[in-house]
Protein chains: 2
Amino acid sequence: MLHDPAQLDLMFQALADPARRQMVDRLSRGPASVSQLAEPLAMSLSAVVQHLNVLEASGLVRTEKLGRVRTCRIEPQALRAAEHWINERRLAWERRLDRLGDFLAETKDES
Amino acid sequence: MLHDPAQLDLMFQALADPARRQMVDRLSRGPASVSQLAEPLAMSLSAVVQHLNVLEASGLVRTEKLGRVRTCRIEPQALRAAEHWINERRLAWERRLDRLGDFLAETKDES
DNA sequence: GCAATACTGAAGTGATCACTTAACTATTGC
DNA sequence: GCAATAGTTAAGTGATCACTTCAGTATTGC
């Protein structure tokens with residue numbers, strides 16, 4: 001379910017916005033409330049909540065409400081899924097280059 | 001220059017679209033012309049060229065025109081930069097959890 | 001209980017996005 | 001040289017995005 005293309009889509013879309021990446025960055029240093037997340041951002045609390053909802057829908061962030069405070073934390077498995085998608089494509093390319101290199105080296109030996 | 005936040009922004013924005021990710025996926029298996037990239041996609045050539053321009057502007061893809069054929073290939077360093085951004089945040093979080101675990105284990109020993 | 005805090009939700013707006021069509025240029029094969 | 005191929009460019013459109021403001025609700029501290 002982590003490699004579900006629809007989920008992947010939501011994750012990359014979530015990461016596409018600089019404000020949301022800044023929020024993820026902040027959360028990578030530890031859990032935070034909505035107001036704490038909002039504090040360094042030059043936008044209304046309301047806008048931050050909307051970004052937060054995007055992050056939560058993507059699975060990158062999980063939140064939990066206790067009393068009037070919503071505490072947010074990163075979901076590392078989701079980050080790992082996005083990371084993995086990129087990594088697989090890069091490795092596929094690099095392995096291809098390696099094979100090509102080997103092939104060229106071999107044909108050189110045979111000449 | 002690879003960790004330039006503006007470039008990172010362009011890269012994540014480029015990866016946010018499923019058609020563009022499909023193009024990157026195709027290119028991870030080897031270089032391709034614009035028409036080859038377009039072939040599996042249910043959209044006009046023109047739309048594909050527009051997506052390709054986004055990918056190229058982000059640095060994820062490099063293209064080279066020979067005669068009337070534009071050949072596209074992946075730029076693994078750019079993929080690595082996006083990968084690295086995610087990886088750093090995930091690791092920061094996981095290291096934090098580890099330290100927290102150690103701390104809890106220690107205070108347990110002392111009880 | 002009442003003010004301050006911490007969010008939440010709806011409605012609106014202007015900007016950007018992902019396309020389309022259509023007209024065009026440049027290159028190649030015959 | 002002429003048709004087919006390969007891509008490019010511009011203009012337009014409807015959908016989605018990233019906000020805003022404003023009016024609300026629930027919780028907490030005193």
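First the proteins, then the strands, lettered A, B, ... as listed; each starts at 1. What's counted below: heavy atoms across the whole structure, side chains too, no hydrogens, waters or symmetry copies. Model, not experiment: these values are computed from the prediction.
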Do His51(B) and Val48(B) touch side chain to side chain, with heavy atoms closer than 4.5 Å?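 Not touching, per the 4.5 Å side-chain cut-off.
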
Answer whether the closest heavy-atom distance between the side chains of Ile86(B) and Leu15(A) falls below 4.5 Å.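 Counting from C-beta outward, Ile86(B) and Leu15(A) do come under 4.5 Å.
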
State whether Trp93(B) and Arg90(B) meet the cation-pi test: NZ (Lys) or CZ (Arg) under 6.0 Å from the six-membered ring centroid, and within 45° of the perpendicular axis.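 Relative to the ring axis of Trp93(B), which defines the angle, Arg90(B) lies outside at least one limit.
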
I want to check one thing: is the phosphate of dT27(D), taken as OP1 and OP2, less than 4.0 Å away from some side-chain N or O of Lys65(A)?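 No, because none of the side-chain N or O atoms of Lys65(A) sits under 4.0 Å from OP1 or OP2 of dT27(D).
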
Check whether any side-chain N or O of Ser46(A) sits under 4.0 Å from OP1 or OP2 of dT20(D), and answer yes or no.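 For Ser46(A), the contact criterion (side-chain N or O under 4.0 Å from OP1 or OP2 of dT20(D)) is not met.
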
Pick one: which of Ile74(B), Val61(B), Leu41(B) meets side chain to side chain contact (heavy atoms under 4.5 Å, CB included) with Met23(B)?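 Testing Met23(B) for a side chain to side chain contact (heavy atoms under 4.5 Å, CB included) against Ile74(B), Val61(B), Leu41(B) leaves exactly one candidate, Leu41(B).
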
Can you check the [X] [atom1] to [N] [atom2] distance for me, whole Å?
X: Asp17(A); N: dT16(C); atom1: CG; atom2: P; result: 13 Å
X: Leu55(B); N: dC17(C); atom1: CG; atom2: C1'; result: 14 Å
X: Asp9(A); N: dA18(C); atom1: CG; atom2: P; result: 11 Å
X: Glu56(B); N: dT8(D); atom1: CD; atom2: C1'; result: 13 Å
X: Gln50(A); N: dC17(D); atom1: CD; atom2: P; result: 12 Å
X: Leu52(B); N: dT9(D); atom1: CG; atom2: C1'; result: 15 Å
X: Leu41(A); N: dA18(D); atom1: CG; atom2: P; result: 14 Å
X: Leu45(B); N: dA10(D); atom1: CG; atom2: P; result: 17 Å

Could you say whether Thr71(A) or Arg68(B) is positioned toward the 5' end of DNA chain C, judged by the nucleotide with the nearest heavy atom to each?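 First, find each residue's nearest nucleotide; the 5'-ward one identifies Thr71(A).
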
Consider the side chain of [X], meaning its heavy atoms from C-beta on, and name the nucleotide among [options] that approaches it most closely.
X: Arg70(B); options: dA10(C), dC19(D), dT8(D); value: dT8(D)
X: Gln13(A); options: dA10(D), dT8(C), dC17(D); value: dC17(D)
X: Ala47(A); options: dT20(C), dC19(D), dT8(C); value: dC19(D)
X: His51(A); options: dC19(D), dA6(C), dC19(C); value: dC19(D)

Check: Gln7(A) side chain, Ser58(A) main-chain N or O, donor-acceptor pair, under 3.5 Å: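 Checked: pair present.
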
